[in-house]
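Here the structure is a predicted model, which is why all the values come from computation and not from measurement. Values reported hereafter were calculated over all heavy atoms of this structure, with side chains retained and with hydrogens, waters and symmetry mates removed.
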Amino acid sequence: LNLDLRSFGRRRSRIIVALDFHPPDKDPIKWWSHLLEEVGDLVAGVKIGLPAFFKVGVKGVSKLTQQFGGDVYFLADFKLADIPVVVSEEIRQLSALGFNGSIVHLFPMGYEPVVEVARELEHQIFGVTYMSHRGCRLFEESFQTLLDYALALGVDGVIVGASRPDKIREARKKLGDTALILSPGIGAQGMSPGAAIRTGADFEIVGRAITLSPEPRQAVIKMAEAQRGVER
Ligand code: NUP
């Protein structure tokens, strides 16, 4: 059984759905579980971070990983940033909860032991190298350093915001095929589906455009089509 993100993507689309929000009139756990039933066969993965964690707790999250794990890739987005021994412990807990991979911040550096622990657990590591929001000036200044570090560390992939196609291109050039590029910022943050794929990303992370859509399956089908239209 191959549990890496690349293998989950090949079968369906290059969409990772981010579960942060739910329609206000719906119960979050019911809505997300309904959502995954609706779109699980069309997406590569599902991303869960603190917003969902606060709403449904450890129990709710493990309910989702138990029900849909193995079928969709579970990506933990807690943007971990701490001393390596603590991040390693966080990775162990997230892996035990059923997550296949985690997003970490790279700026604390010294993460060689973290990557080692993750490798033993067959848990993938994705490092943030450029964020999608306006004004992330420190990322602008540190992008090359973070990319070089990601390469040296041997992470499975990096996060580069879709709002900066130039940064995606640069990342692809530098990383070649050694690491995946995951790109958030599609839909609610203004970029079009397929835009990040066109410039070199492997997966697009999409939250609200799917989770708040009255017809999530239709929304995903449309996005997957747009991605296929620009396939590299
Ligand atoms: O730079 C980043 N931008 C970003 O939006 C790094 C991220 N991990 N994200 C995440 O992607 C963010 O936390 C959210 O879960 C998702 C985008 O959601 P949406 O804007 O499509 O609703």
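S183 contributes a side-chain N or O that, together with a main-chain N or O of V160, makes up a donor-acceptor pair within less than 3.5 Å. Between the side chain of R172 and the backbone N or O of G200 there is at least one donor-acceptor pair closer than 3.5 Å. Between the side chain of S142 and the backbone N or O of F139 there is no donor-acceptor pair closer than 3.5 Å. Looking only at distances, a side-chain donor or acceptor of D156 sits under 3.5 Å from a matching main-chain atom of I125. Side chain of R169 to backbone of T199: no donor-acceptor contact under 3.5 angstrom is found. Looking at R217, its side chain does come within 3.5 Å of a backbone N or O of E38 through a donor-acceptor pair. Without hydrogens or angle criteria, D77 side chain to I103 main chain gives no donor-acceptor distance under 3.5 Å. With K63 contributing its side chain and S33 its backbone, the two residues share no donor-acceptor pair below 3.5 Å. A donor-acceptor pair under 3.5 Å links the side-chain atoms of W32 to the main chain of F21, judged by distance alone. In this structure, Y149 contributes its side chain and G110 its backbone to a donor-acceptor pair below 3.5 Å.
With contacts defined as side-chain heavy-atom distances shorter than 4.5 Å, the pair D202/I197 does not qualify. A heavy-atom distance below 4.5 Å is not found between the side chains of H34 and K26. The side-chain heavy atoms of F99 and V61, taken from C-beta on, include a pair separated by under 4.5 Å. Counting only heavy atoms from C-beta outward, the side chains of D4 and N100 never approach each other to under 4.5 Å. Between E89 and Q93, some side-chain heavy-atom pair lies under the 4.5 Å cut-off. Side-chain contact between Q67 and L36 is absent, with no heavy-atom pair separated by less than 4.5 Å. In this structure, the side chains of L75 and V46 stay at 4.5 Å or more apart for every pair of heavy atoms. Side chains of W31 and P23 form a contact here, defined as non-hydrogen atoms less than 4.5 Å apart.
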Before giving the answer on side-chain contact (heavy atoms from CB on, under 4.5 Å), spell out for V104 and K79 the whole-Å C-alpha distance, their side-chain angles and the decisive distance to 0.1 Å. CA-CA 4 Å; V104 305; K79 298 189 186 65; over 6 Å; no
What's the verdict on side-chain contact (heavy atoms from CB on, under 4.5 Å) for R92 and L121, showing C-alpha distance, side-chain angles and the deciding distance? CA-CA 8 Å; R92 278 192 201 94; L121 296 166; 3.9 Å; yes
For side-chain contact (heavy atoms from CB on, under 4.5 Å), just list the numbers for E170 and F143, CA-CA rounded to whole Å, side-chain angles, deciding distance to a tenth of an Å, and then say yes or no. CA-CA 10 Å; E170 261 182 85; F143 182 56; 3.9 Å; yes
Please step through side-chain contact (heavy atoms from CB on, under 4.5 Å) for the pair L35 and I210, ending with a clear verdict. CA-CA 9 Å; L35 186 80; I210 297 170; 4.2 Å; yes
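Closest non-hydrogen pair, A219 versus A209, comes out as CB-O, 3.9 Å. E204 approaches S192 most closely through the heavy-atom pair OE2-O, 4.5 Å. Across A162 and I168, no two heavy atoms sit closer than the pair CA-CD1, 4.0 Å. For T129 against L146, the heavy-atom pair with the smallest separation is O-CD1, 3.9 Å. In this structure, I29 and G60 approach most closely via the heavy-atom pair CD1-O, 3.4 Å. Across all non-hydrogen atoms, the minimal contact from G45 to V72 is CA-CB, 4.4 Å.
Of the candidates F74, F203, Y73, Y73 is the only one forming a ring pair (Phe, Tyr, Trp, His ring centres under 6.0 Å) with F8. With respect to V117, the side-chain contact (heavy atoms from CB on, under 4.5 Å) criterion is satisfied by exactly one of P84, S88, S95: S88.
Cluster membership for V39 and L212, using ILVMFWY side-chain heavy atoms within less than 4.5 angstrom, is not shared. Residues L50 and M131 are members of one and the same hydrophobic cluster, defined by side-chain heavy-atom contacts under 4.5 angstrom among Ile, Leu, Val, Met, Phe, Trp and Tyr. Under the 4.5 Å side-chain heavy-atom criterion for ILVMFWY residues, no single connected hydrophobic cluster contains both L94 and V85. Hydrophobic clustering of Ile, Leu, Val, Met, Phe, Trp and Tyr side chains at less than 4.5 Å, counting indirect connections, keeps V86 apart from V128. When hydrophobic clusters are built by joining Ile, Leu, Val, Met, Phe, Trp and Tyr residues whose side-chain heavy atoms come closer than 4.5 Å, directly or via intermediates, I83 is not grouped with V115.
The distance from the OG1 atom of T211 to the CG atom of L19 is 7.5 Å, given to the nearest 0.5 Å. Within the model, atoms CD of E225 and CZ of R228 stand 6.5 Å from one another, a figure rounded to the nearest 0.5 Å. With rounding to the nearest 0.5 Å, the separation of CG in D177 from CZ in R6 is 6.0 Å. Distance CG/L153 to CG/D148: 12.0 Å, rounded to 0.5 Å. Taking CD1 of I186 as the start and CE of M191 as the end, the distance is 6.0 Å to the nearest 0.5 Å. Atom OG of S132 is separated from atom NZ of K167 by 14.5 Å, given to the nearest 0.5 angstrom.
Shown here is E116, whose CD atom has no more than 12 heavy atoms of other residues, nucleotides or ligands within 6.0 Å. The environment of CG in D166 is crowded: more than 12 heavy-atom neighbours from other residues, nucleotides or ligands sit within 6.0 Å. The environment of CD in E215 is sparse: at most 12 heavy-atom neighbours from other residues, nucleotides or ligands sit within 6.0 Å.
Ion pairing between D27 and K55 fails under the 4.0 Å rule for side-chain N and carboxylate O.
Side-chain contact check for H123 and S102: at least one donor-acceptor pair (N or O, by modelled atom type) lies under 3.5 Å.
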